[in-house]
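The structure appears right after this line, and notes come after that.
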Amino acid sequence: MSTKPRSEMSLGEKMQSVPKPILYLVLVLLTSLPLFKELNVPNKPNEASEDFYATVMAVPEGSTILIQSDWTGSTRGESGGEFESLMRILMRRKIKFAVYAAGDPQAPQVVKDSISRVNDERKLSGQPGYKQWDDWISLGNLPNAEAANQAIANNVQTAFPGRKAIPSTGGSPQDVFDSPVLKGHTKLSDFPLLVVVTASNTATIAIERYAGKVKMAQMVTGVMGPETLNYYPKQVVGLVVGLKGVYDIETLMEGGINTADPHTIKDDNGKFQGKSVEGFPGELNKGKATRYYPTLHFAFALLIIAVLIGNIGMFLAKKEAGK
Amino acid sequence: MYSSLPPPLFANLWLGNQYRHTGWFGIVFVLTMVAFVLMNIRRAKTGRNLYIRRIAGLNAIDEAIGRATEMGKPVLMVPGLSANLNAIVMQALNIFAHVTRIAAKFSNPILVCCNDAAIFTVAQEVIRDVYQEQGIPESFDPDSVRFISDRQFAFAAGVSGIILREQTAATFFLGEFFAESLIFAETANSIGAIQIASSTQITQTPFFIAACDYVLIGDEFYAASAYLTRQPILVGSLVGQDWSKLLVIVSIMVGIGLNSFQRINTKYDKTWKDGQEVDAPEHTRKASETFTYILLNPQTNANDADIPAIKLRPEDKRPELPLNERVTKTDAEAPK
Amino acid sequence: MNFFLDIPPATFWNNPSGSNALMIRLALALLIGIAAIFVLLKAPTNYRRPIVGVVTFLSGAFYVMLYLWPVAISRNKGIDAPRNPVEGVAFWLDDAVPVVANFTSIVTAFLLGLGVYSLLRVHGRKVMRKETDWVFSVVLLSSMVLMVFAGYGDWYSRLDPIKAPALELRENWGPINYLRDVLFEGMLQQMDAAMFSLIAFYILSAAYRAFRVRTIEATILLAAAFIVMFSFMGSVEAAWGHMVNPSGNIDNFSNNFTLTEVAKWIRGSIQKPAIRGIDFGVGIGALAMGLRLWLSLDRTGGKS
Amino acid sequence: MKYETIRLIFGALATVGLYSVLYRENKMYRFFEHVFLGLASGYTLVAVWTETLKQSWWDPMVGTQTENGVPGQPGFWAYMFLLPIGLMGYFVFSKKNNWLSRIPIGIILGLWSGQQLQVWWNRYGPQLDDSLRPIIPTSFNPMFVPSTKGLPKIEVDAIKAHVYVSTAVSNIIFVITLLSVLSYFLFSFELKAKFMQKTTLLGRWLLMIGFGAIFGSTVMMRFTLLIDRMYFIWVETVWQGILGQK
């Protein structure tokens, strides 16, 4: 950073020292304005997202899966979209779920809010609502992720002692493990799938502690993608990473994993199987990602241009110095 | 998968083959590394002086503190945002103890910001020890070690506030940093402080690289205290860690060799099908049929009794508790 | 009277809730504990390190044992009796895990007072001495008190298991619930998000300042970053894809050069092993450090 | 004005207040920073009881009464011993007996350290396994992984059982990266040998590619959160909240 007044600077130096406030202002504009305009962006879902979608779609209807949800308002942008798209799929396929948080006391409340939001949009489109106790259960929060996962891996029921909820039929609160959702579920292997929706390193902790005791899929934020990718597909069968991942899922919910995809496999009777999975065409599949993804382009563009300007400036300055 | 498994190793060790669920190999591997570390600590204690290569970031510590002393501004240290007290924090505090020692010599003000009560407690302890050991306990200000907040971004806001108001001249961010890493780094950078940083969260390293003057990558962080203090115990354990890394390297090389060799060979051998041996259909080995795969993918679910390999034999059947002694699920809560 | 009442057998370790026996034992336990503190206060200096060492070792030993001891397979919890001592221990460990698992968070919770004490001291002093910005210390302390008040008030109003469900609906809220909602949902959560999103700005300025193609390393880093970012930009990705592979048939060899494929390849073949390489080292470092702490080999503070 | 709107406005104000630090450190930021810290520590003081001690200490210790048909649980009094242990931490400020505070610390550290043996293998064992990749192709024709377009499953399996030249090459690069990075982090060996120096240099370069890729995907997330904030301020608060548009 040169210290002389801008007036005396050469073009090269100017280009290298654009004042921060200006950069920031441009960023604000570029991330605000496009939000008011519907834009359509082509998309090619990546493998990890496809595997996630296929895994969730392969869970038999009516069975109960376990969800660990460790995100709060601060990562609403990514985790919120992830969780809601997951909810949409589960509710449409009538898959029951028990959701718990490992570490963050607010997570359960955030989850409840987002479930009720999805529920409302279902009611609007005339579908039946998803009832607590009958269709899903909140197991609340366990302090300290390491300990929590250690205990759950050991035995799910004893890990959540004295958790009670009011049956949908009303009356006094009863043990959640007597609910239609969790009846007869005691160990991790009783659940066909565990989905970890997280914005923190509880993703890794879960992998460390559960160690293949249950089939695990994860929905993580963009920043955790690279690290979590280490565990895909060995320890994590399906992986949704950040906004792009959510956009993938929303795309897949619309079109399914296309049977016209050359990579789909026919079995001996020529029936499509393997990766081909149907979607929910026509239903409300577009969520946060569809809204944000186009705007992301402008932010990226700004970053790239800023870096380019800086470098061009550097070369110009070098040239001038050479003269 | 189970059908292609050889008869279980350690099959009748104690009751049934319990080690099948963790796999004996993993345990042996870990214990070997443990042995390496302990062995080398012993070696180092017996006075053999062991070599450590130069680590760039660490030579900058003195420079940074010197700069702070010139400017008479405080040195800021943050031992990461670990959820609770663990070895990473302790490691960071070990390094900070060294930093404090130098700062104390020049009677330079320091600031340690903690995000957890337990971490705060240890930090108090460690930093005070340093001053006592330097023979100037009176110049230790208990308020120089602070608990800011245990909420990630409140902590971030608080610390960057401190950085901006105290105009810290040198900042040390060592330990477990997450998203907030760049908030600290850029704030400190904007006031032109010298920064030495490292995060055990690898995903944060690029941001420290972008914004800090010196970055310890990966386990240079663990090497640091050994490098700085040359304590035999630390040096020894560092050598032990290197041996363990070599163990990993070697086993990867061997494994790859084995794998590649097995994959190019056609498979004629027997497999296990519901308990007895049968001829396997001839084909090139699939990944799941290589020795390494079988070695490294033991049956991981101890609870699952449906797997023939670990189903209890009739004679293994457990007696049942008399009814009046049966316990409810909640009794597992009992401290035994 | 409920015949199906499902109370565990009374052992030495537990008594029915609210019974005098329980109260007496609780009191005794507390007394013994406090007595222990006074005994420890008298402990001669040269015993201190060993005492701490033993405590640390024992608490670590539990998990080490849990790892190394053969696990009881397909145990029917609460019904099966152990077949022999080995399995007896396995059962004991199995049952003890959920208890021990909570110790860390409980003990840390008790320590919280120290943290709060530090806060109060730093800011209390500022207010007392009217140091610069003491007003803001007042702001901090008062908003803290407010949150505590609202938080516990809200919690208390939800204690009753019968009334609690009603409070799910906002109509039934009292002022305390509203206050808590504004402070927590309205402000705290939003401030979290705000601080978090600040990073976006810092990334921009850091990238603009630092990402210059001066060295080979910087150039490599930059190139990789750009490819990945472009691969996230659906439109760019599509345009480029159309250029290298017009037919769009992913069986064409040229399909390997679409941004998605290239980025995928970089992640799979370079980023993944690179991170893994570092990660192995970090993991081993943690293992060694953990070992030294467990056996109290370290002199904390790294005294030289 | 609706309650939701008021809540939204509070949030928006706080957000803008914190953003103001981007221009320079100012009174407004200082105010919201301290509000933030106050609320956060206040919340911690609430959560420590309602979220931690109540459910994992108090309830199991005193047990629960049988109420409206829900069987009660007995109390396990031994939990009480944890309280004095916690109290020992408070000796940290005492000049003479601060060593007592090392006992609770010792317990916490011990519990953490003890888990590391198990954790190491759970976390890195599978990664080790995944790193053992065949580097000798089993089929040179075709050189690349052939398409499995509409093939019967058996043939697909047959195709997948092979290692193709392209796969082998990628695997070789994978392995070279992994090993050179690993060797970059060897500290106790003098890198006299030219070869070793070359490897570690290569290791560093490959690391940079890795970091670049990480940077790319992290940037995505950070920007997303900013976009979400902007959505919160402009759309949710101003557009829908204050202006009451849909």
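Heavy-atom pairs under 4.5 Å with chain B were tallied for D/Leu182, D/Asn171, D/Asn98; the largest tally goes to D/Asn98. Heavy-atom pairs under 4.5 Å with chain D peak, among B/Val254, B/Leu85, B/Thr121, at B/Leu85. Between chain D and the options B/Gly158, B/Ser160, B/Gly255, heavy-atom pairs under 4.5 Å are most frequent for B/Gly158. Counting heavy-atom pairs closer than 4.5 Å to chain B, the top residue among D/Ile105, D/Ile108, D/Leu207 is D/Ile105.
Residues D/Arg133 and B/Arg263 have side chains not in contact (no heavy-atom distance under 4.5 Å, counting atoms from C-beta outward). At least one side-chain heavy atom of D/Phe36 sits under 4.5 Å from a side-chain heavy atom of B/Phe153. Residues B/Ile52 and D/Ser188 have side chains not in contact (no heavy-atom distance under 4.5 Å, counting atoms from C-beta outward). Side-chain contact between B/Thr205 and D/Phe211 is present, with at least one heavy-atom pair separated by less than 4.5 Å. Contact annotation: the side chain of D/Leu186 approaches that of B/Leu246 to within less than 4.5 Å [non-hydrogen atoms, C-beta and beyond]. Side-chain contact check for B/Gln241 versus D/Phe185: every heavy-atom pair is 4.5 Å or farther apart. The shortest distance between side-chain heavy atoms of B/Met253 and D/Leu179 falls below 4.5 Å. In this structure, the side chains of B/Leu296 and D/Leu132 come closer than 4.5 Å at one or more pairs of heavy atoms.
By the 6.0 Å contact criterion, CH2 on D/Trp49 is enclosed, its count of non-hydrogen atoms from other residues, nucleotides or ligands being greater than 12.
Atom CZ of D/Phe187 sits about 4.5 Å away from atom CG of B/Asp219, to the nearest 0.5 Å.
With hydrogens and angles ignored, the 3.5 Å screen pairs a side-chain donor or acceptor of B/Arg128 with a backbone N or O of D/Val92. Counting only distance, with no hydrogens or angles, the side chain of B/Ser149 and the backbone of D/Leu37 share no donor-acceptor pair below 3.5 Å.
Proximity to chain B (any heavy atom under 4.5 Å) is shown, for D/Val181, by neither the backbone nor the side chain. Within the 4.5 angstrom heavy-atom criterion, only side-chain atoms of D/Leu178, from C-beta onward, approach chain B.
You'll find the ring centres of D/Phe215 and B/Phe207 inside the 6.0 Å limit.
Annotation: cation-pi pair B/Arg53/D/Tyr184 present, NZ/CZ under 6.0 Å from the ring centroid and within 45° of its normal.
Aromatic ring pairs are classed by plane angle as parallel below 30°, tilted from 30° to 60° and perpendicular above 60°; the pair D/Trp120 and B/Phe29 is parallel.
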side-chain contact (heavy atoms from CB on, under 4.5 Å) evaluation trace for D/Trp99 with B/Glu125:
CA-CA 8 Å; D/Trp99 73 278; B/Glu125 183 91 51; 5.6 Å; no
